2 protein chains.
Amino acid sequence: MATIEDVARLAGLSRATVSRVINNHPYVTEEKRKSVQQAMEQLGYVPNSIARQLRTQTHETIGVLIPRLSNPFFSKLVDAMENIAAEVGFQLIVCQTKSQKERELLYLNWLKTRQVGGIIFASTENEWDVIKPYKEFGPIMFCNEYPPHTEAPIVCLDQLKGGYIGTKHLLERGHKKIAYCYAGSQFTNIRERYAGYKKALDEYGLPLNERWMFKDAYDTRDGKRIYHALMQQADRPTAVFTSSDEVALGMIAEAKRNGTAVPDDLAILGFDDQPIAELMDPAISTVYQPVEQIGITAIRMMIRFLRNQSVPVNEITELPLHLVVRHST
Amino acid sequence: MATIEDVARLAGLSRATVSRVINNHPYVTEEKRKSVQQAMEQLGYVPNSIARQLRTQTHETIGVLIPRLSNPFFSKLVDAMENIAAEVGFQLIVCQTKSQKERELLYLNWLKTRQVGGIIFASTENEWDVIKPYKEFGPIMFCNEYPPHTEAPIVCLDQLKGGYIGTKHLLERGHKKIAYCYAGSQFTNIRERYAGYKKALDEYGLPLNERWMFKDAYDTRDGKRIYHALMQQADRPTAVFTSSDEVALGMIAEAKRNGTAVPDDLAILGFDDQPIAELMDPAISTVYQPVEQIGITAIRMMIRFLRNQSVPVNEITELPLHLVVRHST
DNA sequence: AACAATTCTGAAATCGATTTCAACTCAGAT
DNA sequence: ATCTGAGTTGAAATCGATTTCAGAATTGTT
């Protein structure tokens, strides 16, 4: 593997001059520039990015913290981020936290060891106070979820509105008993979505029923589980506001299998608007989330921080959601 | 950010001794070891992995080349790989090639720049001759797909068997006109699957009909497209061997929407056995692929190469597939 | 022709670790 | 008392780049 030293020797020049050519510095005569380029070509030389990173104290790797990659919401998010990162030569490192606090901290520590230059939390279980001390080791930002009192850049979705329009839609269809599913995460803007749900109920003068709240709703299996938990109740809801299209999917499949008509016996509202939502029978009504958009916005911001070695400002960027009405409600 | 120098100074010792403590070398008195550990603790010192990588010429980052992360097959694969990598402190870098040759080469170049220590191809468009020259810059291996004449470790699935058992199942159900979908990739073991399909037809003395071959079958949209292409034909197939559960999904959704009964009018076989396959109505018959298994096997092998700085041996590890019969066939 | 300003170049320092090598200490053997 | 060898330590070299600084070459100005 050729080094800058080899190139310098072959071109009969110093390492400094070769470095200047590589980095397009001025003050190199055309003649020597050519000669260096030829030597690089001849040796198949490519600068060693490790050495460069050490010397310049810069970074081109970004850690993205997500619960699991096989969750379509997050794989879509990372997909969008990677496209942008690749355009400018940055690398994305997958960090699956499994929604565990300790694993989040493990990956956060990679900032200290310089294994990543910056970190984007796409989900989080830790409180801000725990994360905050790591700020001095590199840019940290949040995309999608964030703990309360966060002092870091945030790119997120208007979950309050999401909860509100989803619930309102069900109310307008005449439902008065609306169950609500949520993922287990204690913080995050999911609480905002819940606030939107409450707000809509309030407007219709309806009370909140604790027995219709279902937690740990992540995937299709949870959907099935919740379907049964729900049907067992004496005072059954007539509609469910699920936490994701996967949950809605599992629920619908199980409902059909058990002879529960959707939406007549039970209306089911998804969340995300994944391709599959449109393909189900009945097609799933859902709340569209611009996943790619938040991913792109967040990664662009992070790249700007790393490029300029600038300190992140604590601004919050909120993108809108909208309702997609199909046939499951 | 504290460096080894700071620790040495605080402990009143040399950098060498501190390094010995960090790396658990023998020949350090217990007294000094304690004193170094205390200094590290006090300064919150963590070794800089960039500096370490430069000096030791080792790597702990692995690039995984996939077409797209939002394809569930690949997100599941990377998911499994990341779990293992994280256990031993290795980092996984997502490289989405979009099935483009140039992008594969772009990422392959990261071996030269030392942005990754090794590369796992989970899909590939380039011929082996094009990839081969990069072998000298770090371990390269294949997981799932591989070009012909590959001289590198391969972990894959018995696609020949997959094609065979899938087709045979349809034949046994009495189908004589079986369409076949495949992804566009020109090489890869997908050709093996096709060979299995042909083998089964051969055994039943049935000819191959070129008009029933559909390429570029990747996702649900392709499934819809192919459904229509297929129904337009005068001499229509009665069964389809799709290239993935997503394709089968799109096809089934479109069939139902157009009044085609599945499986009575058209039997549809998936591939992968994703969670969704079981949830569809009708539930999708499919060929189960042990995705996690090949991911785990491949990443373990790669970590071994990087740890021992050993040259990969060109062995091929083939894992079995099996049929899952549900209601779409 | 003398001087200043600009352009160009390389030696050496630097980033933060690991590793080599020489030297030094201290038992135990002769 | 001397020698040997194992244990222990630090100075200096090293990995492969970038950057500083000083000096040389060239150009422009009076």
Side-chain angles (χ1 to χ4, degrees), chain A residues 1-37 39-40 43-60 89 110-117 137-138 307 309, chain B residues 1-37 39-40 43-60 89 110-117 137-138 307 309:
Chain A
M1 194 81 143
T3 70
I4 197 169
E5 174 74 43
D6 302 327
V7 176
R9 198 165 23 230
L10 180 61
L13 294 162
S14 71
R15 301 205 305 274
T17 302
V18 177
S19 175
R20 287 196 190 94
V21 173
I22 295 170
N23 296 287
N24 283 313
H25 280 310
Y27 300 159
V28 179
T29 54
E30 199 50 36
E31 180 204 2
K32 314 227 159 163
R33 184 181 303 277
K34 283 262 165 60
S35 136
V36 166
Q37 278 163 344
M40 294 200 296
L43 295 169
Y45 169 78
V46 176
N48 180 320
S49 79
I50 301 283
R52 195 192 280 233
Q53 282 178 55
L54 176 61
R55 177 59 233 240
T56 61
Q57 303 283 56
T58 59
H59 277 275
E60 37 199 25
W110 282 6
L111 270 180
K112 280 186 158 195
T113 59
R114 312 272 75 193
Q115 294 179 273
V116 297
F137 304 114
R307 279 246 174 97
Q309 309 215 15
Chain B
M1 195 81 143
T3 69
I4 197 170
E5 173 75 44
D6 302 326
V7 176
R9 197 165 25 226
L10 180 62
L13 295 162
S14 71
R15 301 204 305 271
T17 304
V18 177
S19 175
R20 287 196 190 93
V21 173
I22 296 170
N23 296 288
N24 285 316
H25 281 309
Y27 301 160
V28 179
T29 54
E30 199 51 36
E31 177 203 2
K32 315 230 158 166
R33 184 183 302 276
K34 281 263 167 59
S35 134
V36 166
Q37 277 163 343
M40 293 201 295
L43 294 169
Y45 170 79
V46 176
N48 181 320
S49 79
I50 302 284
R52 194 191 281 231
Q53 282 179 55
L54 177 61
R55 178 60 232 239
T56 61
Q57 304 283 54
T58 59
H59 278 275
E60 37 198 26
W110 283 5
L111 271 181
K112 280 187 157 194
T113 60
R114 313 272 76 192
Q115 293 179 271
V116 298
F137 304 113
R307 279 245 175 99
Q309 307 214 20

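All chains are named by letter (A, B, ...) in the order of the sequence lines, taking the proteins before the strands, and each is independently numbered beginning at 1. Owing to the predicted nature of the structure, the values given are computational and were not obtained by experimental measurement.
- Taken over five-pair windows at either terminus, the axes of the helix from C:dA1-D:dT30 to C:dT30-D:dA1 are inclined to one another by 60° (rounded to 10 degrees).
- The two atoms that bring A:Y45 and A:I4 nearest to each other are CE1-N, 3.5 Å, heavy atoms only.
- Proximity of A:Y27 to the phosphate of C:dT7: a side-chain N or O atom is located under 4.0 Å from OP1 or OP2.
- Atom CD of A:E30 is separated from atom CD of A:Q37 by 7.5 Å, given to the nearest 0.5 angstrom.
- A:E5 and A:T3 share no donor-acceptor pair across their side chains, judged by distance under 3.5 Å alone.
- Here A:K32 does not reach the OP1 or OP2 of C:dC8: none of its side-chain N or O atoms lies under 4.0 Å away.
- Judged by distance alone, with hydrogens and angles left aside, the side-chain atoms of A:T56 form a donor-acceptor pair with the main-chain N or O of A:R52 at under 3.5 Å.
- Of the possible donor and acceptor atoms, one in the side chain of A:S49 sits under 3.5 Å from a partner among the backbone N and O of B:T113.
- A donor-acceptor pair under 3.5 Å links the side-chain atoms of B:R114 to the main chain of B:F137, judged by distance alone.
- A heavy-atom distance below 4.5 Å is found between the side chains of B:I22 and B:M40.
- When every heavy atom of B:L54 is checked against every heavy atom of A:A51, the shortest pair comes out as CD1-CB, 3.8 Å.
- The minimum heavy-atom distance linking B:V18 with B:A8 is given by the pair CG2-CA, 3.7 Å.
- Mapped onto DNA chain C by nearest heavy atom, B:T17 and B:I50 fall at different nucleotides, with B:I50 at the one closer to the 5' end.
- A:S19 comes within 4.0 angstrom of a base, heavy atoms only.
- Taking OG of A:S14 as the start and NZ of A:K32 as the end, the distance is 9.0 Å to the nearest 0.5 Å.
- Nucleotides of DNA chain D that come within less than 4.0 Å of any heavy atom of chain A span, from the 5' end to the 3' end, D:dG16 to D:dT20.
- The stretch residues 1-15 of chain A touches DNA chain D through A:T3, A:I4, A:R15, each having a heavy atom under 4.0 angstrom from the strand.
- The distance between atom CD of A:E31 and atom P of C:dT7, rounded to the nearest whole Å, is 18 Å.
- Of the possible polar contacts, one joining the A:N48 side chain to the A:I50 backbone as a donor-acceptor pair under 3.5 Å is found.
- Using a 4.0 Å heavy-atom cutoff across all strands shown, A:V18 reaches no nucleic acid atom at all.
- Residue order along DNA chain D, read from the 5' end via each residue's closest nucleotide, puts B:E30 first among B:R55 and B:E30.
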